[in-house]
Amino acid sequence: MKSTAPIARMTVRTVLAVLLASTPQTIAAQATGLAPGDEVRVRWEYAGRPSYAFGYTRSAIARVVDVSPSHLTLRRGNRDFVVPVRGVQTLERRVGTRPASAPRMVIGSGLGFLGGVAIGVLRAEADPTIESSGDFGLSMGVLIGAPVGALIAYVTSRERGIYEPVGVAGIFSGMRIDPSGRVGLSVRIGGG
């Protein structure tokens, strides 16, 4: 009968060698780039209300405060809240801001021009001191409507962020070194 002790010792040595050879990282750095201060868009199943049998879905855009194997701590405004990792359905990190697009500004300028002309003509019809309602409407459209429409289109096209998905299944698998210095291995099987 053969002894399994040499195989067990070799396995333990291999695991220890892998742990010692790997570079230590914090949990936040292991989370595929999620770090405190990152802006994320997250949707999760929230089961906090006892009146719901299966829970319900919530979503938020917030800043990351802390990342741990069981939860994400996020901050929106002045309030911190905790999202359990097991309930996360989608997680996306903001990577930039969509630049202003020239076609949107042209469309905004055109719509502003038409609105300025309409307001100018209506104003001229109501005021008997204005001689030509068409000229007044055109001047209101060119001088006020078109620039305001282009400005509104510029501001609204820059407000949208660009997000990239962060894989929830890959966030908390592998070697872990927590802030106290303890080292451990974790494996996630199935689920998402």
Side-chain angles (χ1 to χ4, degrees), residues 28-29 31-67 71-85 87-171 192:
T32 63
L34 271 187
D38 284 348
E39 182 177 319
V40 294
R41 183 168 55 186
V42 61
R43 190 176 76 208
W44 73 99
E45 186 173 323
Y46 181 74
R49 301 211 192 263
S51 62
Y52 291 100
F54 299 107
Y56 61 96
T57 302
R58 296 192 65 183
S59 62
I61 296 176
R63 296 234 176 249
V64 174
V65 175
D66 185 36
V67 179
H71 65 276
L72 299 169
T73 304
L74 304 174
R75 177 174 294 143
R76 184 173 41 192
N78 295 336
R79 298 188 65 197
D80 289 354
F81 60 98
V82 176
V83 175
V85 171
V88 173
Q89 294 175 346
T90 60
L91 179 64
E92 299 170 309
R93 178 183 49 241
R94 185 175 183 155
V95 293
T97 303
R98 179 173 293 160
S101 63
R104 285 183 185 233
M105 291 176 59
V106 169
I107 291 169
S109 178
L111 292 174
F113 171 76
L114 292 176
V117 168
I119 290 172
V121 168
L122 291 174
R123 167 91 164 88
E125 294 293 325
D127 189 358
T129 60
I130 299 175
E131 295 178 13
S132 173
S133 62
D135 289 342
F136 188 76
L138 283 174
S139 64
M140 289 292 288
V142 170
L143 297 175
I144 296 174
V148 168
L151 180 66
I152 290 172
Y154 172 77
V155 169
T156 58
S157 69
R158 289 194 58 85
E159 288 180 356
R160 292 188 215 119
I162 301 171
Y163 291 88
E164 73 177 5
V166 176
V168 178
I171 290 179

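Nothing fancy with the numbering, it's 1 onward along the sequence.
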So, taking the atom named [atom1] in [X] and the one named [atom2] in [Y], what distance separates them when rounded to the nearest 0.5 Å?
X	Y	atom1	atom2	result
Leu34	Asp66	CG	CG	11.0 Å
Ile130	Arg123	CD1	CZ	5.0 Å
Leu72	Leu91	CG	CG	6.0 Å
Arg93	Glu39	CZ	CD	12.0 Å
Ile119	Leu114	CD1	CG	11.0 Å
Leu143	Phe113	CG	CZ	10.5 Å

Considering all heavy atoms, the nearest [X]-[Y] contact:
X	Y	value
Gly37	Arg63	O-NH1, 3.0 Å
Gly108	Ala153	CA-CB, 4.0 Å
Gly116	Met140	O-CB, 3.4 Å
Val82	Pro84	O-CD, 3.9 Å
Ala60	Phe81	CB-CZ, 3.9 Å
Trp44	Val88	CB-CA, 3.8 Å

Check: Of Ile61, Leu74, Val64, Thr90, which is the lone residue that meets side-chain contact (heavy atoms from CB on, under 4.5 Å) with Val42?
Finding: Leu74
Check: Less than 4.5 Å apart, any side-chain heavy atom of Glu45 and any of Gln89?
Finding: yes
Notebook entry, point to check: Under the 3.5 angstrom rule, does the side chain of Ser109 hit a backbone N or O of Met105 as a donor-acceptor pair?
Noted result: no
